[in-house]
Amino acid sequence: MKDKIIKNGIEYVRQVDYYIPNLALPEETEYQIGKYGSLRRTFLKEHHNWLYSAMLMQSTLLKRLAEIDETCNSTLKDMISKMAKQEGITDQLKADNQMLWVQKVNNICNRAEEFMMKEYVYGGFEE
């Protein structure tokens, strides 16, 4: 008996008495996925499993997660600096009243991160 056959463009390999399709995902580029990409992956897996599975099979998931993570990090950095400037948080305030400065900066960071989570991590599914 043959060990391999090709039918409809798919190679089948003989395993004991059965022919099993010899399928493999294409090799992907390695991507660095940080906090926001990981959160997005978990969200897709738990709430939009069909999309998660489709992106995984098409080998687009990791690239998209890396893009989301990069976008979130750069946007977060820009938002924090713009919000701090708009609200008058300066190095002088840091020198004069450290506790007030820390409170204001933490407030800005929390608001900016909440926006990132809503728009990029958990968003994009409005119908």
Side-chain angles (χ1 to χ4, degrees):
M1 289 190 107
K2 295 182 181 179
D3 288 334
K4 292 182 184 180
I5 61 171
I6 297 177
K7 186 175 183 179
N8 297 331
I10 299 174
E11 180 182 28
Y12 292 83
V13 180
R14 184 171 178 216
Q15 298 289 330
V16 188
D17 291 336
Y18 300 98
Y19 283 96
I20 299 174
N22 189 14
L23 302 175
L25 291 174
E27 290 193 27
E28 284 192 61
T29 308
E30 296 244 352
Y31 294 100
Q32 294 294 324
I33 305 208
K35 174 184 175 180
Y36 300 106
S38 295
L39 289 170
R40 179 68 172 189
R41 177 188 347 214
T42 302
F43 173 72
L44 289 174
K45 218 175 197 180
E46 292 175 2
H47 300 284
H48 296 280
N49 198 310
W50 60 272
L51 180 60
Y52 174 83
S53 298
M55 291 176 76
L56 189 62
M57 286 190 288
Q58 295 170 357
S59 298
T60 60
L61 179 66
L62 295 179
K63 181 179 180 185
R64 183 67 183 133
L65 294 175
E67 289 171 357
I68 287 172
D69 192 68
E70 185 179 322
T71 300
C72 285
N73 285 318
S74 64
T75 305
L76 188 64
K77 187 176 178 181
D78 290 343
M79 280 183 72
I80 290 172
S81 65
K82 287 178 183 177
M83 290 170 77
K85 185 177 180 182
Q86 184 179 12
E87 295 181 20
I89 299 172
T90 62
D91 287 336
Q92 184 61 42
L93 177 62
K94 184 178 180 180
D96 293 344
N97 190 344
Q98 277 187 335
M99 289 306 291
L100 179 62
W101 181 85
V102 168
Q103 288 174 348
K104 289 182 177 269
V105 170
N106 282 343
N107 184 288
I108 286 172
C109 289
N110 290 335
R111 286 186 286 152
E113 186 166 40
E114 185 178 333
F115 174 80
M116 287 300 113
M117 299 297 279
K118 182 181 177 194
E119 291 296 316
Y120 294 103
V121 174
Y122 303 128
F125 294 99
E126 293 80 27
E127 292 184 28

Please work out which of the three classes, parallel, tilted or perpendicular, describes the rings of Trp50 and His48, given edges at 30° and 60°.
-> perpendicular
Over all heavy atoms of both residues, which pair between Asn107 and Arg111 is shortest? Give the atoms and the distance, please.
-> OD1-NE, 2.6 Å
Out of curiosity, Arg64 CZ to Ile33 CD1, how far, rounded to the nearest 0.5 Å?
-> 11.5 Å
Hey, could you give me the NZ/CG distance between Lys104 and Asn97, rounded to the nearest 0.5 Å?
-> 9.5 Å
For Leu44 and Met55, work out which heavy atoms get closest and say how close.
-> CD1-SD, 4.5 Å
Working for side chain to side chain contact (heavy atoms under 4.5 Å, CB included), residues Lys4 and Tyr19 = CA-CA 8 Å; Lys4 292 182 184 180; Tyr19 283 96; over 6 Å; no
Shortest non-hydrogen contact from Ile80 toward Ala112 = CG1-CB, 4.0 Å
Is Glu30 close to Leu62 at the side-chain level, that is, under 4.5 Å between some pair of heavy atoms?
-> no
Of Leu100, Val105, Asn106, which meets side chain to side chain contact (heavy atoms under 4.5 Å, CB included) against Val102?
-> Asn106
Kindly give the heavy-atom pair with the smallest separation between Gly37 and Leu65, and that separation in Å.
-> O-CD2, 3.4 Å
If you measure from CG on Asn8 to CD1 on Ile6, what distance do you get to the nearest 0.5 Å?
-> 11.0 Å
Which pair of heavy atoms, one from Phe43 and one from Val121, lies closest together, and at what distance?
-> CD2-O, 3.5 Å
Rounded distance (nearest 0.5 Å) linking atom OH of Tyr122 with atom CG of Leu39 = 5.0 Å
Backbone N or O of Cys72 within a donor-acceptor pair of the Thr75 side chain at under 3.5 Å?
-> no
So OG of Ser53 and CG of Leu61: to nearest 0.5 Å the spacing works out to 9.5 Å
Shortest non-hydrogen contact between Asp69 and Lys35, atoms and distance = OD1-N, 3.4 Å
Donor-acceptor side-chain pairing of Tyr120 and Glu67 below 3.5 angstrom = no
Going from CD1 on Ile20 to CD on Gln15, what distance comes out if it is rounded to the nearest 0.5 angstrom?
-> 5.0 Å
Please step through side chain to side chain contact (heavy atoms under 4.5 Å, CB included) for the pair Glu70 and Tyr36, ending with a clear verdict.
-> CA-CA 8 Å; Glu70 185 179 322; Tyr36 300 106; over 6 Å; no
Considering residues, nucleotides and ligands other than Asp91, do more than 12 of their heavy atoms fall under 6.0 Å from its CG?
-> no
